[in-house]
Amino acid sequence: MKKKQKRKRPANLYHPLYWPSWIATGCMRVLAYVPYRWQWVLGRWAGFLLRFMHRKRRETVEINLAACFPELSDQDRSLLAERCFESLGMALCETSTAWWVSDPRTRYAYRIVGLNHIRAALQKGRGVLLCSAHLHTAELAGRFMALEQPVTIVFRPQNDRVIEAVAHRRRAAYYPNMIHYRDMRGVVRALRRNEVVWYAPDIDAGTKRSVFVPFFGVPAASLTATARLARLTGAPVVPCFYFRRTDRTGYDIQVEPALERYPSGDLTADTARINQLIEAAVRRYPEQYLWQHRRFKSRPAGVTPLYGERVQRR
């Protein structure tokens with residue numbers, strides 16, 4: 001049986017096929033100038049619509065939460081899932097502000113704690129690997145950080161070509177350098193130029209260059225790149241996490257001291273250590289984590305798939 005070929009996408013971004021995406025970006029731009037208190041309201045409704053319209057994402061969140069929070073009742077997990085989509089809806093407003101407001105400090109209050117840890121690590125002259133996670137506030141937190149300390153980001157392109165083109169153009173205004181997530185040589189070059197490289201390794205990118213280590217007690221295919229980059233370049237690894245205050249007064253970015261005795265030489269133990277750091281951060285505000293991602297898509301041999309499919313370990 002022949003495989004169904006994917007329809008080739010038009011090269012012209014102004015093709016009618018892309019008009020819905022342009023309308024969506026136009027709406028996002030309008031959101032950037034909505035007062036903060038109304039962004040909370042709109043974000044909540046946007047999250048409700050996202051949860052209602054995207055059945056697969058909704059199921060992914062439910063499966064992830066059931067696997068990671070077995071101690072919660074069904075009712076509590078359902079409430080957490082609802083709040084997770086509300087937080088994602090709010091992230092749309094925050095992304096809009098990050099992209100289009102010339103100075104987000106005029107719109108939001110924020111505090112960066114531990115910026116001195118980055119600057120101290122830079123004194124070694126080997127760059128800094130700023131290890132973070134896929135929290136909903138990442139886009140706005142990156143903009144805040146760029147106002148205080150130049151950072152290079154490692155990014156994964158959006159599936160939507162219009163959104164990706166807009167995102168790249170807007171980010172280029174405040175990030176001096178952006179590196180494709182597959183360009184590890186580019187990351188190495190940036191670190192050797194003594195740059196601060198913002199990197200979030202908490203994705204399931206398959207089993208190549210990954211090891212299975214626990215994440216919330218569940219074996220998760222976890223990238224070993226953090227330890228490998230640190231070993232290759234000598235760059236200190238500095239954890240950095242960011243949260244939206246639940247009292248609606250602003251944002252907090254927490255930068256922690258550079259990891260000691262890292263890497264240790266044990267790739268599995270080093271990767272598990274990164275997962276533990278991310279898990280501890282996520283537990284602070286679990287609704288602000290990107291549970292919409294299929295974090296446990298890859299499974300060890302012989303283990304039942306969580307999402308109804310199997311990715312064989314190579």
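What you see below is based on every heavy atom in this structure, not just the backbone, and it leaves out hydrogens, waters and symmetry mates.
No side-chain donor-acceptor contact under 3.5 Å links D270 to the backbone of T224. Judged by distance alone, with hydrogens and angles left aside, the side-chain atoms of Q158 form no donor-acceptor pair with the main-chain N or O of E164 at under 3.5 Å. Panel note: side chain R57, backbone Q292; a donor-acceptor pair is recorded below 3.5 Å. A distance-only check finds no donor-acceptor pair linking the side chain of S96 to the backbone of A32 [under 3.5 Å]. With hydrogens and angles ignored, the 3.5 Å screen pairs no side-chain donor or acceptor of Y307 with any backbone N or O of T60. Using modelled atom types, one side-chain atom of T106 and one backbone atom of D103 make a donor-acceptor pair closer than 3.5 Å. For the pair R295 (side chain) and A221 (backbone), a donor-acceptor distance under 3.5 Å is present. Within the 3.5 Å criterion, the main-chain N or O of Y33 finds no donor-acceptor partner in the side chain of W100. With hydrogens and angles disregarded, no donor-acceptor distance shorter than 3.5 Å links the side chain of E287 to the backbone of S87. Looking only at distances, a side-chain donor or acceptor of S222 sits under 3.5 Å from a matching main-chain atom of A220.
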Are D76 and S73 close enough, and set up right, to give a side-chain hydrogen bond (donor to acceptor under 3.5 Å, both in side chains), and what steps lead you there? CA-CA 5 Å; D76 287 341; S73 66; 3.3 Å; yes

Could you go through T233 and R189, starting from their C-alpha distance and side-chain angles, then the distance that decides it, and tell me whether this counts as side-chain hydrogen bond (donor to acceptor under 3.5 Å, both in side chains)? CA-CA 9 Å; T233 65; R189 288 193 294 268; over 6 Å; no

Between D204 and R294, does a side chain to side chain contact (heavy atoms under 4.5 Å, CB included) hold up when you go through it step by step? CA-CA 7 Å; D204 187 328; R294 294 193 296 173; over 6 Å; no

Any chance you could lay out the side chain to side chain contact (heavy atoms under 4.5 Å, CB included) test for W99 and Y174, step after step, and finish with the verdict? CA-CA 9 Å; W99 287 357; Y174 47 91; 3.3 Å; yes

Output, in order, the C-alpha distance, side-chain angles, deciding distance and verdict of side-chain hydrogen bond (donor to acceptor under 3.5 Å, both in side chains) for T249 and D247. CA-CA 6 Å; T249 60; D247 61 3; 2.7 Å; yes

Would Y289 and N64 satisfy side chain to side chain contact (heavy atoms under 4.5 Å, CB included), going step by step from the backbone distance to the final call? CA-CA 11 Å; Y289 188 62; N64 285 340; over 6 Å; no

I'd like a table of donor-acceptor pairs (distance under 3.5 Å, sequence neighbours excluded) in which one partner is a side-chain atom from residues 251-259, with atom names and distances.
| residue | atom | partner | partner atom | Å |
| --- | --- | --- | --- | --- |
| Y251 | OH | E94 | OE2 | 2.7 |
| D252 | OD1 | R111 | NE | 3.2 |
| D252 | OD1 | R111 | NH2 | 3.3 |
| D252 | OD1 | R245 | NE | 3.3 |
| D252 | OD1 | R245 | NH2 | 3.1 |
| D252 | OD2 | R245 | NE | 3.1 |

I'd like a table of donor-acceptor pairs (distance under 3.5 Å, sequence neighbours excluded) in which one partner is a side-chain atom from residues 234-241, with atom names and distances.
none

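By the neighbour-count criterion of 12 heavy atoms within 6.0 Å, atom CZ of R44 is sparsely surrounded, having that number or fewer from other residues, nucleotides or ligands. More than 12 heavy atoms of other residues, nucleotides or ligands lie within 6.0 Å of CZ in R283, so this atom counts as buried by the packing criterion. Atom CZ of R228 has more than 12 neighbouring heavy atoms from other residues, nucleotides or ligands inside a 6.0 Å radius. More than 12 heavy atoms of other residues, nucleotides or ligands sit less than 6.0 Å from atom NE2 of H180. Heavy-atom neighbours of N12 CG from other residues, nucleotides or ligands within 6.0 Å: above the threshold of 12.
With sequence neighbours excluded, no residue forms a salt bridge (Lys or Arg N to Asp or Glu O under 4.0 Å) with R126. Residues forming a salt bridge (Lys or Arg N to Asp or Glu O under 4.0 Å) with R193 (at least two apart in sequence, or on another chain): E195.
Using modelled atom types, one finds no donor on one side chain facing an acceptor on the other under 3.5 Å when comparing R143 with T95.
Side-chain contact between Y108 and L140 is present, with heavy atoms from C-beta onward closer than 4.5 Å. For the pair F216/V282, a side-chain contact is recorded, criterion being any heavy-atom separation below 4.5 Å from C-beta on. Using a 4.5 Å heavy-atom threshold, the side chains of P104 and L147 count as touching.
Using a 4.5 Å cut-off between side-chain heavy atoms of Ile, Leu, Val, Met, Phe, Trp and Tyr, with links allowed through other members, Y285 and L79 fall into different hydrophobic clusters. Linking Ile, Leu, Val, Met, Phe, Trp and Tyr residues whenever their side-chain heavy atoms come within less than 4.5 Å leaves L277 and V113 in two separate clusters. Side-chain heavy atoms closer than 4.5 Å link hydrophobic residues (I, L, V, M, F, W, Y) into clusters, and following such links, possibly through other members, connects V162 to Y14. Put simply, I274 and L267 are part of two different groups of oily side chains (I, L, V, M, F, W, Y) that touch within less than 4.5 Å, one to the next.
Grouped by direct or indirect side-chain proximity (heavy atoms under 4.5 Å, Ile/Leu/Val/Met/Phe/Trp/Tyr only), I23 sits alone. Under a 4.5 Å side-chain heavy-atom cut-off, the cluster of Ile, Leu, Val, Met, Phe, Trp and Tyr residues that includes W38 is completed by L31, V34, V41, L42, W45, F48, L49, F52, M53.
A pairwise comparison of heavy atoms in H136 and A91 identifies O-CB, 3.4 Å as the closest pair. Closest non-hydrogen pair, I203 versus H293, comes out as CA-NE2, 3.5 Å. Residues E260 and R273 share a closest heavy-atom pair of O-NH1, 2.9 Å.
The structure places OG1 of T271 at 8.5 Å from CG of D266, a figure rounded to the nearest 0.5 Å. Distance check, rounded to the nearest 0.5 Å: CG of L130 to OH of Y199 gives 13.0 Å.
Ion pairing between D74 and R77 holds under the 4.0 Å rule for side-chain N and carboxylate O. Of the charged side-chain nitrogens involved, at least one lies within less than 4.0 Å of a carboxylate oxygen, so that E59 and R55 count as a salt-bridged pair. Contact check on R51 versus E86 returns no salt bridge, with no Lys/Arg side-chain nitrogen under 4.0 Å from an Asp/Glu carboxylate oxygen.
R284 forms a cation-pi arrangement with F243, by the criterion of a distance under 6.0 Å to the ring centre and an angle within 45° of the ring axis. Stacking of R58 on the aromatic ring of F85 is not recorded, the 6.0 Å distance cut-off and the 45° axial limit not both being met.
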